[in-house]
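One structure below.
Predicted model only: the values in this text are computed from it and were never measured. Scope of the values below: all heavy atoms of this structure, side chains included, with no hydrogens, waters or symmetry mates.
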Amino acid sequence: MSIHSGHTLPRSNPLDLLQRWIPKLVLGPTIITTLLFIYGYVIWTGVLSLTKSRFLPRYDFVGFLQYEKLMDNDRWLVASYNILIFGGLFILICLAVGVIMAILLDQKIRAEGSIRTVFLYPMALSFIVTGTAWKWILNPGLGLEKMVQDLGFTDFQFDWLVDPNMAIYTLVIAAVWQSSGFVMALFLAGLRGVDSSIVKAAQLDGASMPTIYRRIILPHLRPVFFSAFIILSHIAIKSFDLVMALTGGGPGYSTDLPATFMYVTSFSRGQIGLGSASAMMMLGAVLAILIPYLYSELRGKQHD
């Protein structure tokens, strides 16, 4: 016990110590797990991409040789081309469909809650379920094509699923069906947050509702557009389960995406070094989208 100016220092209360340490004890395992199993494995993958690792990791560093081999790999080039087609169409169509559905629901129509639930329901399914369902629907022998032909339209054909040039678009159809409802919910929330007085003022000035949406409301939803774009881009880049369930990467490897290329190369062909290089390229694509978004958000907060 120490004495200062005739007064004793108060003893530490065990309850106060417990209250200070409980948050650290609760968050500690999560932080350690995140550092180890996310950032730790990201670093390890980057290290493996600089080696000749095949079935098992090896640490004989060869510089950027695996990245050079990746750029000369026809299957990777197909996967890179496919992600541009799939990602571009998926994002654009989801944004367009989501905005249109949100505007329609914003008109206070009847049974809005039921309709909103129907549009949102696909998002509750996994991409495995979505891919399997659309594989049945688009199968020429038992799906849409057969149903229409059985109705008497014998010349009708919709064999995109088995056409190497068109199969990538079946992934777009299935992905848009699942994700457009989520985009609709984002924009509907944004529309409901717009100040109604602005709309009323524009109506008093004689502006029509299409003009009000185009020139006043939708420009106010720029942050929602940006957020939806980031989320959809992330979904597109990491798409794996939808491809495996719907097309399996085929016919041949015509519907390969970077995620499926990375899996097949690393775990089926035993080329861990090459697969790690493709994984780092995917990470680079995600960061190329994410960093400008974070920069704009932080810059916006500094100006506020």
Side-chain angles (χ1 to χ4, degrees), residues 30-91 127-128 168 171-172 175 179 226-227 229-250 252-298:
T30 302
I31 295 173
I32 293 172
T33 302
T34 301
L35 291 174
L36 178 61
F37 293 104
I38 296 181
Y39 297 104
Y41 278 107
V42 167
I43 295 172
W44 190 40
T45 301
V47 170
L48 291 179
S49 71
L50 303 174
T51 68
K52 284 186 176 181
S53 299
R54 294 187 64 82
F55 284 99
L56 293 174
R58 293 169 53 186
Y59 298 100
D60 45 349
F61 292 95
V62 292
F64 293 98
L65 178 63
Q66 298 291 6
Y67 292 91
E68 294 175 7
K69 292 172 62 177
L70 190 65
M71 294 299 105
D72 291 332
N73 190 297
D74 289 339
R75 188 165 185 171
W76 170 255
L77 296 178
V78 170
S80 301
Y81 179 69
N82 284 342
I83 194 61
L84 294 177
I85 296 176
F86 171 72
L89 291 176
F90 168 61
I91 293 170
F127 270 122
I128 291 291
I168 187 64
L171 297 176
V172 177
S179 302
F226 207 17
S227 297
F229 175 79
I230 295 296
I231 294 170
L232 293 174
S233 299
H234 179 258
I235 292 173
I237 291 172
K238 71 181 185 65
S239 292
F240 171 81
D241 39 6
L242 177 63
V243 180
M244 299 307 292
L246 181 55
T247 65
Y253 54 83
S254 60
T255 57
D256 254 359
L257 294 180
T260 57
F261 174 89
M262 182 273 296
Y263 176 83
V264 171
T265 302
S266 298
F267 303 109
S268 297
R269 297 191 170 189
Q271 295 178 294
I272 293 179
L274 189 62
S276 297
S278 66
M280 296 307 294
M281 294 291 287
M282 291 170 58
L283 176 63
V286 172
L287 293 178
I289 296 171
L290 197 58
I291 289 176
Y293 172 72
L294 294 175
Y295 175 76
S296 65
E297 286 291 310
L298 294 174

Does any part of the side chain of L65, heavy atoms only, come nearer than 4.5 Å to the side chain of E68, both counted from C-beta?
yes

Test item: V243 and F86 side chains (from C-beta on) under 4.5 Å apart, heavy atoms:
no

Between S278 and G275, the two heavy atoms sitting closest are OG-O, 2.6 Å

Mind checking the OG-CE spacing from S239 to M244? Nearest 0.5 Å is all I need.
13.0 Å

Parallel, tilted or perpendicular, as decided by the 30° and 60° cut-offs, for the rings of Y59 and F61
tilted

Minimum heavy-atom separation for A79 and P258, please, with both atom names.
O-CD, 3.5 Å

Would a distance-only check, ignoring hydrogens and angles, find a side-chain to backbone donor-acceptor pair under 3.5 Å from T255 to G250?
yes

Classify the ring geometry between F37 and Y41 as parallel (under 30°), tilted (30 to 60°) or perpendicular (over 60°).
parallel

Nearest 0.5 Å, what's the NZ-CZ distance between K238 and F127?
7.0 Å

Would you mind reporting whether F55 and I272 have side-chain heavy atoms less than 4.5 Å apart?
no

Evaluation steps, side chain to side chain contact (heavy atoms under 4.5 Å, CB included), between V264 and Y253
CA-CA 11 Å; V264 171; Y253 54 83; over 6 Å; no

Just how far is it from atom CD1 of I231 to atom CD1 of I289, taken to the nearest 0.5 Å?
12.5 Å

Return yes if some donor-acceptor pair links the side-chain N/O of T265 with the main-chain N/O of Q271 below 3.5 Å, else return no.
no

Indicate the atoms forming the closest heavy-atom contact of A277 with Q66, along with that distance.
CB-CB, 4.0 Å

Counting only N and O atoms by type, is there a donor-acceptor contact under 3.5 Å from the side chain of T260 to the main-chain atoms of D256?
no

Test side chain to side chain contact (heavy atoms under 4.5 Å, CB included) on F90 and L171; report intermediate values, then the result.
CA-CA 9 Å; F90 168 61; L171 297 176; over 6 Å; no

Closest non-hydrogen atoms of S276 and L48, given as atom of the first, atom of the second and distance, are OG-CB, 3.6 Å

Take atom CZ of F226 as the centre, draw a 6.0 Å sphere, and report whether it contains more than 12 heavy atoms from other residues, nucleotides or ligands.
yes

Nearest heavy atoms of A279 and T45, plus distance in Å:
CB-CG2, 4.0 Å

So which of K69, M262, K52, R54 actually passes side chain to side chain contact (heavy atoms under 4.5 Å, CB included) with L274?
K69

With the side chain counted from C-beta on, respond yes when F240 and L257 share a heavy-atom pair under 4.5 Å apart, and no when they do not.
no

Looking only at heavy atoms, the pair that brings I237 and A259 closest together is O-CB, 4.3 Å

Measure the shortest side-chain to side-chain distance between L70 and F261 over non-hydrogen atoms and say whether it is less than 4.5 angstrom.
yes

Would you say S179 and L232 make side-chain contact, with heavy atoms under 4.5 Å?
yes

Kindly indicate whether the side chain of I168, heavy atoms from C-beta on, has any atom under 4.5 Å from the side chain of S254.
no

Does any part of the side chain of Y67, heavy atoms only, come nearer than 4.5 Å to the side chain of M280, both counted from C-beta?
yes

